[in-house]
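One structure is given here, and the rest of the page talks about it.
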There are 4 protein chains.
Amino acid sequence: MAELEEVLPALAEEMAARTDRGEVADYIPQLRKIDPDRFGIAVALNDGRVITAGDADEAFSIQSISKMFTLTLALGKVGDALWRRVGREPSGNPFNSIVQLEHELGIPRNPFINAGAIVVTDVLLAGHQPREALGEILRFIQFLADDDGIAIDREVAASERATGYRNFALANYMRAFGNLQHEPELALGVYFHHCAIAMSCRQLALSAQFLAHEGRNPATGHSVVSAERARRILALMLTCGHYDGSGDFAFRVGIPGKSGVGGGIIGIVPGVASIAVWSPGLNENGNSRLGSIALEKLTKAMNWSVFAP
Amino acid sequence: MAELEEVLPALAEEMAARTDRGEVADYIPQLRKIDPDRFGIAVALNDGRVITAGDADEAFSIQSISKMFTLTLALGKVGDALWRRVGREPSGNPFNSIVQLEHELGIPRNPFINAGAIVVTDVLLAGHQPREALGEILRFIQFLADDDGIAIDREVAASERATGYRNFALANYMRAFGNLQHEPELALGVYFHHCAIAMSCRQLALSAQFLAHEGRNPATGHSVVSAERARRILALMLTCGHYDGSGDFAFRVGIPGKSGVGGGIIGIVPGVASIAVWSPGLNENGNSRLGSIALEKLTKAMNWSVFAP
Amino acid sequence: MAELEEVLPALAEEMAARTDRGEVADYIPQLRKIDPDRFGIAVALNDGRVITAGDADEAFSIQSISKMFTLTLALGKVGDALWRRVGREPSGNPFNSIVQLEHELGIPRNPFINAGAIVVTDVLLAGHQPREALGEILRFIQFLADDDGIAIDREVAASERATGYRNFALANYMRAFGNLQHEPELALGVYFHHCAIAMSCRQLALSAQFLAHEGRNPATGHSVVSAERARRILALMLTCGHYDGSGDFAFRVGIPGKSGVGGGIIGIVPGVASIAVWSPGLNENGNSRLGSIALEKLTKAMNWSVFAP
Amino acid sequence: MAELEEVLPALAEEMAARTDRGEVADYIPQLRKIDPDRFGIAVALNDGRVITAGDADEAFSIQSISKMFTLTLALGKVGDALWRRVGREPSGNPFNSIVQLEHELGIPRNPFINAGAIVVTDVLLAGHQPREALGEILRFIQFLADDDGIAIDREVAASERATGYRNFALANYMRAFGNLQHEPELALGVYFHHCAIAMSCRQLALSAQFLAHEGRNPATGHSVVSAERARRILALMLTCGHYDGSGDFAFRVGIPGKSGVGGGIIGIVPGVASIAVWSPGLNENGNSRLGSIALEKLTKAMNWSVFAP
């Protein structure tokens with residue numbers, strides 16, 4: 001098998017040379033400003049090594065990758081009761097579709113599409129002020145990455161709030177069906193802010209490592225979730241982590257992942273490593289174009305796949 | 001870890017005692033006659049052992065499980081060109097939905113929903129008479145299971161043909177979009193017959209073992225598909241193998257699987273084993289109710305999961 | 001032909017005796033309080049007579065009937081340019097469906113479903129403060145009915161605003177597609193208030209009489225719209241005036257109409273009369289149950305139909 | 001008001017000069033051969049006069065206009081029981097959409113979309129051989145037009161049968177829901193043949209005149225349907241006669257009509273006349289482009305509208 005220390009720099013170099021980088025998300029004004037030529041990758045191995053290449057220490061907007069953290073927190077808070085308010089099935093529709101909500105009476109298909117993540121945020125709001133709920137989410141991510149420097153980019157959050165009409169539509173719609181316990185304004189306030197958390201590939205890979213290690217952080221030894229819950233979160237990532245491109249990602253890359261429109265993707269090789277990659281240009285499903293390709297090449301080179309023996 | 005030789009009989013006994021068995025498929029008249037109390041399970045381990053419990057040697061109608069075999073054959077025949085005519089995404093709709101076909105211009109979401117499997121069958125028909133194409137499918141399955149006794153239940157096939165109006169609708173619809181190269185009557189003739197193949201749990205577990213063993217049959221050593229293709233078929237099974245219950249199956253059971261309305265399910269533990277289970281009563285998604293539960297209990301007891309280290 | 005002076009009281013009496021009155025709208029808290037036993041009817045004939053029966057002078061919430069007035073105003077303001085932002089086709093969906101908006105990129109099907117009426121309200125807001133736009137709508141209706149006593153029920157408006165999540169969803173959704181020029185909060189503020197205008201059957205019949213009289217008010221002689229525009233508004237009422245019950249209303253009643261969830265319906269017999277009827281209980285399409293039945297009986301008794309010679 | 005004898009030739013001349021004729025239907029091979037430059041119009045006045053212009057005596061394929069005749073026949077056969085199997089609402093979807101059938105369990109929206117007309121044909125088949133049912137339809141149309149020369153173009157019928165996969169899909173789909181009492185092959189055999197009836201504008205205008213004359217043929221005095229039924233058929237034509245362009249036709253033309261993809265349209269001015277127009281090029285809704293425009297100009301010139309006093 002190839003050596004990761006050699007594979008990663010070569011991959012970063014290859015990606016830097018590509019010109020088919022996709023389009024940077026343009027519906028959030030602040031994200032439009034990102035340099036599309038950036039590419040970073042970080043692999044946090046369960047043996048403690050962290051190997052990086054490219055712009056792996058530059059912070060970017062994690063966007064929907066935050067849904068992985070909020071789901072973990074909400075499951076810790078209400079357990080399987082969460083599944084009464086959100087499903088566990090792939091949506092077969094774009095990340096911000098409202099059609100399914102009408103047919104399925106306000107219950108989003110899964111916690112990784114926008115509607116589902118708004119419900120998860122609503123769960124985290126229960127008994128809290130928005131500021132407190134947001135603080136809890138941020139501290140959880142800092143704890144997972146063991147890094148107090150992780151912060152929210154408030155300009156991005158403000159930009160999303162000012163233009164996030166579609167998310168307001170989703171939230172109001174679910175509220176109409178009784179599947180939002182707080183005013184849409186409040187739930188979305190928290191939602192836009194946790195999507196606007198900025199992290200580097202290195203921080204992201206470290207923060208997700210508990211999922212590659214049966215629920216425990218291998219560096220600190222802290223137990224985050226049970227081994228069973230870690231597996232189940234991975235199952236959701238595999239089937240639903242890339243919107244209506246989830247099947248294709250599983251087919252090509254072969255590991256659970258979660259993407260964000262900021263161009264980041266987190267991938268998990270159970271028992272081995274967590275991988276964070278970042279390239280701002282997106283493909284037609286709203287997932288990082290070069291990030292997906294880099295992960296496909298990396299898992300192939302390293303023979304990493306949940307479908308391998 | 002538990003010993004499979006002890007787990008399996010206990011599981012069969014527990015399942016035999018349950019009364020919440022779901023409903024036997026009633027839209028295919030011949031399937032209605034099946035005794036809902038049957039339960040069988042067979043595990044074909046990569047080390048050569050085959051362990052069974054319950055009615056593991058009784059043949060049943062494999063129905064949609066045949067889609068796994070036809071997909072494998074069609075990929076062998078046309079390779080990735082197949083993906084121009086059928087997608088790789090979960091459908092988010094019941095197995096026989098026609099709505100998506102209209103919105104997506106006759107391209108079925110994946111090869112495991114009926115529309116997709118009809119396209120796959122159409123691919124296998126190219127250059128053949130229906131009788132020849134069907135013979136090729138049957139011989140392929142006999143070869144995989146190393147068992148010439150596997151046969152088609154022609155009464156079931158006739159029963160499906162006489163009542164399969166919905167499949168006729170799907171086939172005609174795709175033909176209208178130009179995504180069927182043969183007359184619907186011909187493609188469906190083959191389709192109904194390969195769905196009507198009858199196999200026991202033991203035969204089914206053996207026939208699918210190449211998917212648990214990087215594409216090679218561990219007993220005969222014959223290479224069926226490349227290791228990469230085996231993984232990709234498993235990815236499709238995990239994301240799409242249980243219709244609009246695929247996400248839930250991945251979440252609960254944690255391994256790739258493919259179900260049929262005859263009550264059978266095949267599950268694959270990469271590197272370890274293939275599992276066939278059979279109980280005729282179905283849940284609301286059209287998957288074997290006790291079969292799903294038995295697989296969940298078995299994978300938990302054996303600590304089998306593609307999401308485990 | 002029957003004499004209207006005899007038909008109307010008999011009809012009111014018959015309706016008062018019926019017990020199958022449908023259900024009062026319950027999603028707007030203030031409307032729930034209405035006495036379901038009320039029934040009123042008023043016919044304003046082009047010859048100047050106004051004949052009434054039952055509770056014809058009691059004010060009720062006109063709700064979606066206001067869409068007929070705002071459409072008329074908006075056509076006066078921007079003319080056919082309106083049709084770039086809203087369609088003219090029956091929706092085939094409930095009044096508050098959001099599905100079509102996604103498939104048709106934020107362009108509502110017609111000005112009589114909620115989404116379409118919100119766009120129309122947005123048009124009336126252009127260049128105005130909400131308070132001014134609302135004042136213009138109210139004064140227009142007072143002018144049409146020649147009655148300054150018509151007013152907005154601010155409790156109903158506040159009740160709708162506090163619970164109108166679905167309308168907030170629609171407005172935000174259209175704003176996301178760029179088909180709302182003002183903030184959803186502003187357009188909906190005006191929308192909720194014009195829906196909350198309270199009028200009696202007598203006032204309503206008089207206010208709509210211009211549509212029965214080629215665009216001119218027969219009492220005052222004032223021209224409201226051109227004859228051609230009056231006919232076109234009637235065409236929209238016939239094809240779209242009763243949500244997904246429009247076809248049935250045209251089939252049974254045979255004249256253009258517009259209903260509101262407050263239980264009112266306005267019907268127009270071109271060249272003859274405008275009819276307002278009110279009974280708070282609704283049928284499954286959200287239209288007044290007894291109101292529809294009374295109109296069917298009245299048009300039959302009087303031989304009124306746009307499809308008659 | 002203008003004199004029809006002057007208006008009609010001028011209109012035919014104007015239409016002959018236009019080059020924006022739309023596209024001839026290409027999905028039925030036989031129809032592709034039609035000369036797109038043809039234009040004919042015939043007006044059958046209730047006073048007995050028949051005024052024509054252009055190619056008014058050339059036979060063309062009436063296609064979906066036949067649905068008006070089969071609906072009339074089926075209502076005569078089973079009365080309001082028909083409405084248990086087909087709705088009366090505009091569909092809001094193209095003429096051959098299958099989506100609504102899935103959501104509404106096999107009950108088509110109205111008798112003028114393909115699915116609904118196939119159900120109506122199935123009703124006419126009850127107790128008959130296909131040949132007999134077809135003969136009954138043809139004789140009914142001959143009787144209405146008082147012209148035994150009207151015939152079926154069997155080449156067109158064969159062409160439709162050979163390529164009508166979408167209609168086979170619809171029929172099989174409804175059969176799956178139990179809303180077709182005969183095998184799809186049989187019902188469609190009759191359906192394709194009655195769509196392939198060839199008539200001239202003159203014949204068509206005469207055959208539909210009973211609808212303009214309270215259900216009675218003014219020439220022969222024969223009563224075809226009751227006055228009430230005639231009005232109700234007109235209501236269905238107005239709300240559903242032009243597929244998803246019905247609202248626009250009512251808005252622009254202002255009279256009930258029914259179009260066919262052969263380029264014909266029949267329009268009814270209650271109490272005055274029936275109008276048949278023919279121009280083979282279609283607009284984006286599948287309705288005759290110049291036919292629609294000609295009808296709009298004619299009704300405007302003559303001040304004909306069901307919404308006029």
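So you know, we letter chains A, B, ... as the sequences are listed, proteins then strands, and number each from 1.
Applying the 6.0 Å contact sphere to CZ of Arg32(D) captures more than 12 heavy atoms from other residues, nucleotides or ligands. Counting heavy atoms of neighbouring residues, nucleotides and ligands inside a 6.0 Å radius, atom CD of Glu104(D) exceeds 12 of them. The environment of CD in Glu132(B) is crowded: more than 12 heavy-atom neighbours from other residues, nucleotides or ligands sit within 6.0 Å.
In terms of heavy-atom pairs under 4.5 angstrom with chain B, the leader among Ala176(D), Ala171(D), Ala169(D), Gly164(D) is Ala169(D).
The closest side-chain heavy-atom distance from Tyr165(B) to Pro184(D) is below 4.5 Å.
Under a cutoff of 6.0 Å and an axis angle of 45°, Arg166(B) and Phe177(D) form a cation-pi pair.
Contact of Gln100(B) with chain D is not made at all, since no heavy-atom distance falls under 4.5 Å.
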